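Naming convention: chains lettered A, B, ... in sequence-line order (proteins, then strands); numbering from 1 in each chain. Not measured: the values here are computed from a predicted model.
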Amino acid sequence: MRAEGNRNGSGVKRLLTSNEAIAEAVKIAKPDVIAAYPITPQSPIVEKLAEMVESGELDASFVRVESEHSAMAVIHGAATAGARVFTATSSHGLAYMFEMCWWIAGSRLPAVMAVATRSIGAPWNIHGDHTDIMSLRDAGWIIGMAESAQEAFDMTLQAFAVSEVVNIPFAVGIDAFTMSHTAEIVEIRNAKLPERRQAYRILPGMEVAVNAVTMGEARMKARYDLAIDLEKSAEVIERTDGEFGSYGGLVEKYRLEDAEYAVVMAGGWCGDAKDAIDMLRDEGVRIGMLRLRFIRPFPEKAVKELPSEVLVVDRANTGIKGILGMETAACGVEVKNVVAGIGGLDVGIDDFYRLFGKFVDGKLEKVEWLI
Amino acid sequence: MLTEVTIYCRGGQGGVTAARVLATAAMLQGYYSQAMPQFGPERRGARVNTYLRISDRPIRRRSVIKNPDIVAVFDRKIEIDSEASVVILNSPEPVQIPSRTYYVNATEIAERHGLVNAGWAILSAPMSGAIARVLDIEISALKEAMHIELGERAERSFKAAKEAYEVIKWT
Amino acid sequence: MILPGNASCQGCPISMAMRCLDVIKNPVLVIPAGCSTVIAGLHPKSAMKAPVVHVPFPSTLAVACGLSEAYKKLGVEANVVAWMGDGAADIGFAGLSASAARRDDVITVVVDNEAYMNTGTQASLSTFWKAKTTTSPAGKTEERRNLSLIMLTHKADYVATASVGYIRDLRKKLRKAGEMAGFRFIHIHAPCPPGWRFPSEKTVEVARKAVMSGAWILWEYDGKLRLSKAGEKYALKENRIPLAEYLKQGRFLHLSERDIREIERKIDEDWEFLLRFS
Amino acid sequence: MDLSPILSEATVASAGETGSWRNYRPLVSSELCSKCGNCIVYCPEGVIFEGVDSVEIDYRFCKGCGVCREVCGQKAIEMVPE
């Protein structure tokens, strides 16, 4: 048996999990300092990087810290000194480093972090949903959500490029296990990143302090600048899209052109949902998907262009609502909102097919949980 | 066309490795492929499923395989709760079940080739050989895939895989 | 190093100790929350003639490690100094221990005023047994933790205790640390006039009485543990001043004779314990 | 990018002219002062310098804590009300 399907593209093809794809991308980005504390299901990323450093494939300092708080703090310090930096985490790890996530963003330091998105307890759960990465929304990070191992690879490289232009840290989200541990075919593209650049660095001999106690309006001004620059980072993301695969910038529009019905989703389960959309399309239903590739900056413009019937399917909630449902509604769009797949609950093509059918039939409540 | 395979095995028997070797072999033959372990803390001896998808078109779905076309069973003691039309069994003798059944004595082959770890026969090599045969994967692609995925362990593993590839029978 | 006109209190031991940083070449300071944050300058002004990276409490050593690793990687000569109080040492202890265990190329200085002074004198792990703080209004019921001894058991490259009452000894130790590489730890006893409730001119006197009464032991370790010249004679109990002399502070005024005898016993134990390592 | 909200420049008087905090002023007797330097190293504010006949104090920033008087072996410093 022979096929030619995967032969397109110029890079080397490899079977990689999203974890491994991210490690390969990081290797190409040549970070100076990597710090990490293991957590399922992120650990294989940093194990792979540790191997690369050990074997000399990657010339970086790999710091074995005692916690995620310290992981983020080490890369915060290293970035302050002018180093290209990387870390990865998940779930409780992200929760534990939360304070430092605010600091690295507030300090306007470029940095890249992979987040294998996993439920935060209690009760214990190591499986996928988006509750962890959504908690990062307020901290001032760029938050991308890949759908495939290929996109995880491309987005990680783009993350370095964008972060170092806009001076805002960048998180690359991949779904726990369904992406982190699932091996797919990835084209290792020959991307080349520019040299590290950043707004400032702290060196011996300087008589300057960074982040001293502020009074008056300085803190508010810093926060406002970050908010504005985070919004503006959309332009850099759109501009650099083609250099790291071509995905459409902040969003991917799938069969949306003539759609009467639109589904809004993010992350690794979008593929199953697309297959379900194809099934409905075959039946003549004009349905499509707006896949949010970025949660911050939020793709407000694309959301506002959606048709009138919108369903947002969420893997994280705030109160009874889904978080993306709330974000989408905040753009002035009327939405139906479904919360599903919390704690790794498998949602497959058949589930999406039934759900979208119910949506098209007008039988969905304003907010529903798929339990 | 999309082919979905579920591997039933026990933690430590090499189901995940087998899926990866086969996905890589399919990739080398120009196919799209995906290897997906059952998600969760792996425990040696506990039952685990591993999933393998091969297609001539890009594979977008990442949910678990609910209705596999093929089931490969590494340990006969595992109950087959699938209606798959094709079953590949690690077994010394034919087994009468409604599906079209292939069998190979993977444990014996693994042990003979010294593929044993802590008293457990590592079945990834012979079983990936057997499954490759059923999937119509070329032996050369399997060999290359084993070198990619297993590195220096590939040589011995491939001998076991090749043997299984050649001796697998169907009932 | 620290410029005049800064925000330290009258008689501040931290400011006194910060002045000694001028013996370290190419310093880059990492300062977590605490009195040192305020003393080092409020935005948009900095009181330090050196770069200062202000950071949250428990991140201190990890940020210092990141800076140090990056400077090494980028070929920049620097002496990264993690400068913190006993509060940051408490909340950031895991990071401190990990940094020492990794032998990060960092100088850690803990200016220990035996309570969380910047938030209003709450008890810390360094607070003396029976000392009054706002969270131990009747006197602290637990023992103080001996931080420098813990760091010693990490077999760090250099560990020393010091006191603002013996500034030349402190400067010598900082200089020595600055000329070495590896994980270096200096624990400075820093009596705080408002926090301990004594007049601002008495900072040095109180600090010295701590040493002279045996309540603060001056020692250093660079592969071998030695008592420091400035305080070695107080190893002999007959050379010590009466403990009550040191305890003449607002935080100890409620102590009974029995309490003082009990503290004395604890101090004797501390000496005995430490000297086992020498 | 405007970095002014997060960066601070080193300067004297970061907390203003702290001499105004003083209730007592240290006065140095040039006759008694031996210029041993004790007050210079112990002054928390770093405002005592070696002068010609004796040490000199920068009263613009001296907070009047009195540490200098306490560490002076010659009893050359006296604290007088402002």
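Only the side chain of A/Val63 comes within contact range of chain C, with heavy atoms under 4.5 Å apart. Both the backbone and the side chain of A/Ile202 come within less than 4.5 Å of a heavy atom of chain C. Interface residue C/Val76: only side-chain heavy atoms are found under 4.5 Å from chain A. Interface residue C/Leu42: backbone and side-chain heavy atoms are both found under 4.5 Å from chain A.
When the candidates C/Leu74, C/Val28, C/Val80, C/Val38 are compared by the number of heavy-atom contacts under 4.5 Å with chain A, C/Leu74 comes out ahead. Heavy-atom pairs under 4.5 Å with chain A were tallied for C/Ala62, C/Cys65, C/Ala70, C/Ala101; the largest tally goes to C/Ala62. With respect to chain C, the highest number of heavy-atom pairs below 4.5 Å among A/Gly216, A/Ala60, A/Ala71, A/Ala209 belongs to A/Ala209. Of the listed residues (C/Gly41, C/Ala78, C/Ala94, C/Pro58), the greatest number of heavy-atom pairs within a distance under 4.5 Å of chain A belongs to C/Pro58.
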Every donor-acceptor pair from chain C to chain A under 3.5 Å, please, each on its own line.
residue, atom, partner, partner atom, Å
C/His43, N, A/Val213, O, 2.8
C/Lys49, NZ, A/Glu207, OE2, 3.2
C/Val52, N, A/Val208, O, 3.0
C/Val52, O, A/Val210, N, 2.8
C/His54, N, A/Val210, O, 3.1
C/Glu69, OE1, A/Ser61, OG, 2.5
C/Tyr71, OH, A/Ile202, O, 2.4
C/Lys73, NZ, A/Asp32, OD1, 3.1
C/Lys73, NZ, A/Asp59, O, 3.2
C/Gly95, N, A/Glu66, OE2, 3.4
C/Arg102, NH1, A/Arg64, O, 3.1

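A donor-acceptor contact shorter than 3.5 Å is absent between the side chain of C/Thr133 and the backbone of C/Gln122.
Listed here is the closest heavy atom pair of C/Pro13 and C/Thr203: CB-CG2, 3.9 Å. Of all heavy-atom pairs spanning A/Pro31 and A/Leu58, the tightest one is CD-CD1, 3.9 Å. Annotation for A/Ile120 and A/Ala95: closest pair CD1-CB, 4.4 Å, computed over non-hydrogen atoms. Minimum interatomic distance between A/Ile126 and A/Ala176 (heavy atoms only, all atoms of both residues): O-CB, 4.4 Å. Scanning all heavy atoms of the two residues, the minimum distance from A/Ile133 to A/Gly173 falls at CD1-CA, 3.7 Å. The nearest pair of heavy atoms linking A/Cys101 to A/Leu136 is CB-CD1, 3.7 Å.
Under the side-chain contact (heavy atoms from CB on, under 4.5 Å) rule, C/Ile107 has a single partner from C/Leu21, C/Leu29, C/Ile24, which is C/Ile24.
With a 4.5 Å cut-off on side-chain heavy atoms, C/Ile31 and C/Met84 do not count as touching. Using a 4.5 Å heavy-atom cutoff, the side chains of C/Val110 and C/Leu147 are in contact.
At a cut-off of 3.5 Å, with distance as the only test, no side-chain donor of C/Tyr116 or C/Asp86 sits close to an acceptor on the other residue.
Annotation: C/Phe273, atom CZ; neighbour count of heavy atoms from other residues, nucleotides and ligands within 6.0 Å does not exceed 12.
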Q) Between C/Ser148 and C/His187, does a side chain to side chain donor-acceptor pair (under 3.5 Å) hold up when you go through it step by step? A) CA-CA 6 Å; C/Ser148 36; C/His187 191 185; 3.2 Å; yes
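Taking non-hydrogen atoms and a 4.5 Å limit, the residue list of residues 173-186 of chain C in contact with chain A is empty.
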